[in-house]
Amino acid sequence: MNRFILAATATLILAGPGQAQITEEDLANDQATPENVLTNGMGRHLQRYSPLDMLNKDNVANLVPAWAFSLGGEKQRGQETQPLIHDGMMYITGSYSRIYAIDLETGKEVWQYDARLPEGILPCCDVVNRGAAIFGDKIYFGTLDARIVALDLKTGDVVWRDKIADYKAGYSYTAAPLIVDGLVITGNSGGEFGIVGAVQARDAETGDLVWERPVIEGHMGMLNGEESTMTGELNATWPGDMWKTGGGATWLGGSYDIDTDTLIFGAGNPAPWNSWLRDAGTPKDDNSGDNLYAASRIGLDPATGEIKWHFQTTPREGWDYDGVNEVVAYTDREGNARYATADRNGFFYVLNREDGAFVAAYPFVKDISWAEGIDENGRPIFVEENRPGDPSASAEGNKGEIIFASPSFLGGKNWMPMAYSQNTGNFYVPSNEWGMDIWNEPITYKQGAAYLGAGFTIKPNYEDHIGSLKAIDPDSGEIVWEFKNDAPLWGGVMTTAGGLVFTGTPEGRFIAFDDETGEELWSFQTGSGIVGQPITWEQNGEQYVSVISGWGGAVPLWGGEVANKVNYLNQGGLLWTFRLPKELASAN
């Protein structure tokens with residue numbers, strides 16, 4: 001066969017059936033195409049809602065295992081990924097910066113890529129990875145040494161890789177990238193090392209950096225290789241040079257609101273934790289110690305990275321109440337376009353979608369001690385005596401007054417994503433009822449070293465539970481129902497048009513609830529703690545559900561007395577896939 005026929009044959013193979021490239025339109029329509037799961041959040045608005053109703057309240061008891069896939073090796077902890085589904089394949093990431101392609105019919109591995117991590121990486125909160133992004137003929141994911149890698153979807157071969165930031169300075173990356181209009185958009189991790197939070201956008205085809213937006217005031221943005229604009233106003237809310245190592249890591253990734261053409265990213269805790277160093281003794285009624293834009297939600301122009309709006313949930317933050325929690329776009333029962341976000345500080349916020357303006361806030365955990373509530377402008381009403389004490393005011397000058405704060409620094413809700421149901425109009429929020437003893441200490445910045453200036457011990461608030469899955473009415477703040485769990489909840493939630501709410505527990509149970517009542521309708525023991533994110537899809541006329549099992553994450557590393565409470569839990573790395581057989585779809 002001559003070389004021209006060979007070339008033509010190769011072209012036909014590459015462009016043949018089942019090789020359609022993923023487009024911007026595909027990503028935008030992800031929620032409406034249940035045969036695929038193309039985006040983190042099952043839609044770039046992060047609702048984690050499926051329109052599938054083959055599986056429902058009447059037949060979920062007939063859900064059975066279809067296949068299971070082991071991640072293999074000795075790296076069996078902290079599996080927080082969300083699977084993606086495309087063209088008969090499933091793609092998952094694993095701890096220690098691994099990624100797998102799995103045949104959807106059989107559960108057999110097709111390819112695997114392991115990042116070669118250097119010595120000396122500095123992951124704050126375990127060796128997790130929360131998922132990938134797909135576009136065109138490539139799949140993208142981040143690594144613990146703060147790189148972004150593009151792989152060929154078919155083969156797993158590296159197409160390009162680029163450095164997000166310097167891992168030796170404390171940077172890492174664990175979130176699923178976001179893709180909008182041909183740009184791969186990433187945040188960064190490392191807030192406990194005095195890094196500077198930023199959002200970056202790269203050309204999906206080449207990996208070339210298009211823009212960068214630091215989220216701490218005083219730092220310059222970049223657009224097309226040149227300086228663009230400064231973030232905020234230098235020293236407006238930061239004293240001296242503190243802004244240079246100001247934290248604000250954008251470590252959870254972002255969402256995209258196509259209706260307003262806005263990226264929404266959260267910025268984490270300011271650095272260091274010792275807030276007295278960051279407000280330079282400003283009066284309580286002076287906002288100059290707010291430390292923008294840490295502990296904030298930020299709306300960005302996806303083409304340029306310019307900041308369109310911001311909303312700060314915890315100004316003058318001193319408890320490690322990161323502001324990174326996901327922002328979900330939805331329409332309320334009166335037809336208003338809204339955002340919702342459940343903050344680590346214990347309050348559930350509703351914002352206007354046009355400009356991020358404050359609409360309402362409600363407590364979603366029971367014993368908030370650091371603030372009395374939220375005022376009409378969305379600003380917390382601080383309880384001053386429940387701010388960790390100033391070390392410089394103590395006689396020895398080496399430890400501030402110890403206070404008890406609730407929630408703990410791991411939050412009323414941490415990274416684990418909530419879900420919204422178009423059935424009920426409610427949100428389903430995985431939360432935890434815990435507090436902490438916390439105190440401040442003197443600290444100076446050193447590159448690559450922890451930059452906290454605080455000590456802490458986490459404690460359960462109740463004897464009978466820590467974890468609490470809550471159904472929340474976003475219009476009133478009412479807790480419609482609650483499921484209590486002994487161990488902290490640390491996994492994602494999913495809702496379906498069949499009236500179901502899925503989530504997992506650290507004890508290994510994967511559970512389906514009635515979305516209206518909270519009644520437990522089905523469960524399956526996966527063998528290890530679930531800290532991953534469930535998905536569902538349609539295949540051959542049947543509905544499937546998948547979730548990964550593998551205990552780990554921040555709780556066993558940082559959890560104090562709580563960590564001791566759950567130290568019996570086994571690590572793991574097993575992806576479970578379930579199906580509702582056609583013949584059982586109508587049975588109950």
Side-chain angles (χ1 to χ4, degrees), residues 18 33-38 42 50 52 54-56 59-95 98-114 129-132 134 139 153-156 491-492 494 496 498 500 502-505 508-512 521-551 570-585 587:
T33 55
E35 68 276 10
N36 294 312
V37 179
L38 301 178
M42 299 167 60
S50 170
L52 288 172
M54 288 181 282
L55 182 66
N56 55 54
N59 60 28
V60 67
N62 299 319
L63 194 63
V64 295
W67 50 261
F69 175 82
S70 173
L71 274 64
E74 299 177 355
K75 300 172 180 178
Q76 299 292 307
R77 77 168 199 254
Q79 310 301 346
E80 295 186 353
T81 190
Q82 182 214 284
L84 299 174
I85 304 290
H86 172 63
D87 193 24
M89 298 286 289
M90 177 184 289
Y91 302 92
I92 63 168
T93 59
S95 57
R98 297 171 290 166
I99 187 167
Y100 303 79
I102 304 165
D103 183 278
L104 211 52
E105 291 277 357
T106 64
K108 181 181 178 181
E109 179 181 307
V110 176
W111 58 255
Q112 175 182 344
Y113 172 82
D114 290 16
N129 190 288
R130 299 188 175 101
I134 50 180
I139 187 162
L153 264 176
K154 283 185 62 180
T155 65
M494 175 182 69
T496 76
L500 301 172
F502 286 89
T503 197
T505 72
R509 296 179 68 221
F510 187 40
I511 309 173
L521 301 176
W522 172 89
S523 71
F524 183 87
Q525 175 53 246
T526 64
S528 181
I530 295 174
V531 294
Q533 307 164 63
I535 62 164
T536 188
W537 75 96
E538 180 183 357
Q539 179 181 329
N540 300 327
E542 296 180 331
Q543 188 169 347
Y544 286 71
V545 178
S546 277
V547 72
I548 198 163
S549 173
W551 172 240
N570 293 319
Q571 297 179 2
L574 199 64
L575 177 78
W576 286 96
T577 293
F578 306 88
R579 63 187 273 262
L580 177 67
K582 291 177 183 178
E583 61 271 20
L584 297 178

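Worth knowing before you read on, the calculation uses all heavy atoms, side chains too, and leaves out hydrogens, waters and symmetry mates.
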Would you say the side chain of N59 lies within less than 4.5 Å of the side chain of L55, judging by non-hydrogen atoms?
yes

Salt bridge (Lys or Arg N to Asp or Glu O under 4.0 Å) partners for R98, two or more places apart
none

Are F524 and W576 an aromatic pair, judged by ring center distance below 6.0 Å?
yes

Measure the shortest side-chain to side-chain distance between L575 and I548 over non-hydrogen atoms and say whether it is less than 4.5 angstrom.
yes

Okay, side chain of K582, backbone of N540: is any donor-acceptor separation there less than 3.5 Å?
yes

Please find the pair of heavy atoms, one from M90 and one from W537, that lie closest to each other, and give the distance.
CE-CH2, 3.6 Å

Applying side-chain contact (heavy atoms from CB on, under 4.5 Å), run through M89 and V110 and close with a yes or a no.
CA-CA 9 Å; M89 298 286 289; V110 176; 3.5 Å; yes

Does some side-chain heavy atom of L574 sit less than 4.5 Å from a side-chain heavy atom of L71?
no

Applying side chain to side chain donor-acceptor pair (under 3.5 Å), run through T536 and S50 and close with a yes or a no.
CA-CA 7 Å; T536 188; S50 170; 5.1 Å; no

Are the side chains of L38 and H86 in touch, meaning some heavy atoms are under 4.5 Å apart?
yes

Taking the side chain as every heavy atom from C-beta outward, state whether P581 and V64 have any atom pair closer than 4.5 Å.
yes

Please give me the minimum heavy-atom distance between V531 and G550, naming the atom from each residue.
CG2-O, 3.4 Å

Grab the two heavy atoms, one from L153 and one from I139, that are nearest each other, plus how far apart they are.
CD2-CB, 3.8 Å

T505 and I530: side-chain contact (heavy atoms from CB on, under 4.5 Å), yes or no, with the steps?
CA-CA 5 Å; T505 72; I530 295 174; over 6 Å; no

V60 vs L500, test: side-chain contact (heavy atoms from CB on, under 4.5 Å). Steps then yes/no.
CA-CA 9 Å; V60 67; L500 301 172; 4.0 Å; yes

If we only count heavy atoms from C-beta on, is the Q539 to E105 side-chain gap below 4.5 Å?
yes

After noting the C-alpha distance and the side-chain angles of N570 and Q76, does the key distance pass the side chain to side chain donor-acceptor pair (under 3.5 Å) rule?
CA-CA 9 Å; N570 293 319; Q76 299 292 307; over 6 Å; no

Please evaluate residues Q82 and V37 with respect to the criterion side-chain contact (heavy atoms from CB on, under 4.5 Å), reporting the C-alpha separation (whole Å), side-chain torsions for both, the decisive distance (0.1 Å), and the verdict.
CA-CA 10 Å; Q82 182 214 284; V37 179; 3.7 Å; yes

Pairing residues for T81 by the side chain to side chain donor-acceptor pair (under 3.5 Å) criterion, not counting sequence neighbours:
T93

Is a side-chain donor or acceptor of N129 paired with a backbone partner of G94 at a separation under 3.5 angstrom?
no

With sequence neighbours left out, write down each residue that passes ring-ring contact (aromatic ring centres under 6.0 Å, His included) with W67, or none if nothing qualifies.
none

Which residue pairs pass the salt bridge (Lys or Arg N to Asp or Glu O under 4.0 Å) test when at least one of the two sits in residues 535-544, sequence neighbours left out?
E542-R579

From the list F502, Y544, W522, ring pair (Phe, Tyr, Trp, His ring centres under 6.0 Å) partner of F578 resolves to W522

Where do L580 and L63 come nearest, in terms of heavy atoms and distance?
N-CD1, 3.8 Å

Taking only residues two or more places apart in sequence, or in another chain, which ones meet Y100 in a ring-ring contact (aromatic ring centres under 6.0 Å, His included)?
F69

Test side chain to side chain donor-acceptor pair (under 3.5 Å) on T106 and D103; report intermediate values, then the result.
CA-CA 6 Å; T106 64; D103 183 278; 3.2 Å; yes

Spacing of I134 atom CD1 and Y91 atom OH [to the nearest 0.5 Å]:
7.0 Å

Between I92 and I102, is any pair of side-chain heavy atoms under 4.5 Å apart?
yes

Nearest atoms (heavy-atom pairs only) where S549 meets S528:
OG-O, 2.8 Å

If only atom types and distance count, is the side chain of S95 paired as donor or acceptor with the main-chain N or O of R77 below 3.5 Å?
yes

Which heavy atom in T577 sits nearest to a heavy atom in S546, and how many Å separate them?
OG1-OG, 2.5 Å

Side-chain heavy atoms of Q533 within contact of M494, under 4.5 Å
no

By the salt bridge (Lys or Arg N to Asp or Glu O under 4.0 Å) test, which pairs, at least two apart or in different chains, include something from residues 60-70?
none

Hey, could you give me the CG/OG1 distance between N56 and T496, rounded to the nearest 0.5 Å?
8.0 Å

